[in-house]
Amino acid sequence: MNYRHAYHAGAFADVLKHAVLVHVLDHMARKATPFFVLDSHAGAGRYDLAGPEARRTGEAEAGIMRLLAASNVPEALVPYLDAVRRFQNAGPVYPGSPKLARMRLRARDRMVAIELLDEDKVALSRAFAGDPVVDIRRMDGFAALKSLLPPAARRGLVLVDPAFEATDEFERLAGALKAAWRRWPTGTYIVWYPIKDEAEVAAFHAALLAAGPPKILRAELRVQPAGRPGLGACGVLVANPPFTLEAMLAEALPYLARVLGREGVGGFRLDWLRAEGTEPVSAPAARRIPESSRPRPRGARARTRG
Ligand SMILES: C[S@@+](CC[C@H](N)C(=O)[O-])C[C@H]1O[C@@H](n2cnc3c(N)ncnc32)[C@H](O)[C@@H]1O
């Protein structure tokens, strides 16, 4: 395992995933009945944005820091940005998914956070020491999707955010999700994935559609032209989303594409892989995220379209 989230914390990928996470949790916390959260690939919990890892990649600078400095932020992103700002009272740190989730949990709710990498698991345990709401475990996150579901609480959320290091990670993810959906079809699931090869992503979506829960919303964000080195696009699938999420993303995605898009190019896609009681709305063929352009700053070099 070489992946270290400290290099990528606060990047555009975290922004999309965490804005969705906060929205879903806010929706769950509206009801008084307890809910359960499983974070299957939790990371270290908090990240130092002034540390050598974040400074080396500059991903947080081009992601959350740029967003925090932007103007005319849509209402849809305010709860997420407020949560990040509150966390940053302690300095230039960024909250990982379990910390963001914990900000929404009440004393009656429960969270299990899984992390396989020893170093990050130790950091995570330290970050939640003495917290009766949070249970930290070192195990395989895909195995946890089978062994820890369904939870005792009838409502809840599963965040699945793998490192995508192994060549078979999309297949492992699809297999684990299918097993989880069989065990707990009514839970809400947020699943993050990188978009490097559109055909691979399409095959992943097709595999999920063969055995998924009734509704799956897809949100994808591109921040650099296709074909450039590094991660330029990613997506989030939300199975059984709250009814408010589509409208939130319809407001947030164009803004994120514009503010976080590099070289004047950003793009997004928002649609239903499957709406309730229907066949897949969009055939899971390999399709590029549409790229929109914005006026390039005076003096910038020619824009390249992907
Ligand atoms: C993308 S990071 C998670 C980031 C975190 N969810 C967040 O949003 O702040 C993926 C994490 O999964 C861990 N990991 C890798 N393979 C794993 C496995 N099989 N089971 C559980 N965790 C794993 C990595 O060490 C890494 O910390």
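Read the numbers this way: they start at 1 and go in the same order the structure lists the ligands and their atoms. This structure is a prediction, so every number in the text was calculated from the model and none was measured.
Side-chain contact between Ser97 and His18 is present, with heavy atoms from C-beta onward closer than 4.5 Å.
Contact check on Asp135 versus Arg110 returns no salt bridge, with no Lys/Arg side-chain nitrogen under 4.0 Å from an Asp/Glu carboxylate oxygen. Salt-bridge formation is detected for the pair Lys17/Asp14: a Lys NZ or Arg NE/NH1/NH2 atom is positioned less than 4.0 Å from an Asp or Glu carboxylate oxygen. With respect to Arg137 and Glu115, no salt bridge is recorded, no charged nitrogen being found less than 4.0 Å from a carboxylate O.
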Polar pairs, ligand 1 vs protein, N/O only, below 3.5 Å.
{"residue": "ligand 1", "atom": "6 (N)", "partner": "His41", "partner atom": "O", "Å": "2.8"}
{"residue": "ligand 1", "atom": "6 (N)", "partner": "Ser97", "partner atom": "OG", "Å": "2.9"}
{"residue": "ligand 1", "atom": "6 (N)", "partner": "Asp161", "partner atom": "OD2", "Å": "2.7"}
{"residue": "ligand 1", "atom": "8 (O)", "partner": "His18", "partner atom": "NE2", "Å": "2.7"}
{"residue": "ligand 1", "atom": "8 (O)", "partner": "Ser97", "partner atom": "OG", "Å": "3.2"}
{"residue": "ligand 1", "atom": "8 (O)", "partner": "Asp161", "partner atom": "OD2", "Å": "3.3"}
{"residue": "ligand 1", "atom": "9 (O)", "partner": "Ser97", "partner atom": "N", "Å": "2.8"}
{"residue": "ligand 1", "atom": "19 (N)", "partner": "Asp140", "partner atom": "OD1", "Å": "2.7"}
{"residue": "ligand 1", "atom": "20 (N)", "partner": "Gly141", "partner atom": "N", "Å": "2.7"}
{"residue": "ligand 1", "atom": "22 (N)", "partner": "Leu116", "partner atom": "N", "Å": "3.4"}
{"residue": "ligand 1", "atom": "25 (O)", "partner": "Glu115", "partner atom": "OE2", "Å": "2.6"}
{"residue": "ligand 1", "atom": "27 (O)", "partner": "Glu115", "partner atom": "OE1", "Å": "2.8"}
{"residue": "ligand 1", "atom": "27 (O)", "partner": "Glu115", "partner atom": "OE2", "Å": "3.3"}

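Side-chain atoms of Asn240 come within 3.5 Å of backbone atoms of Gly187 as a donor-acceptor pair (strictly under, hydrogens ignored).
Take His5 and apply the ring-ring contact (aromatic ring centres under 6.0 Å, His included) test, not counting sequence neighbours, and it matches Tyr3, Tyr47.
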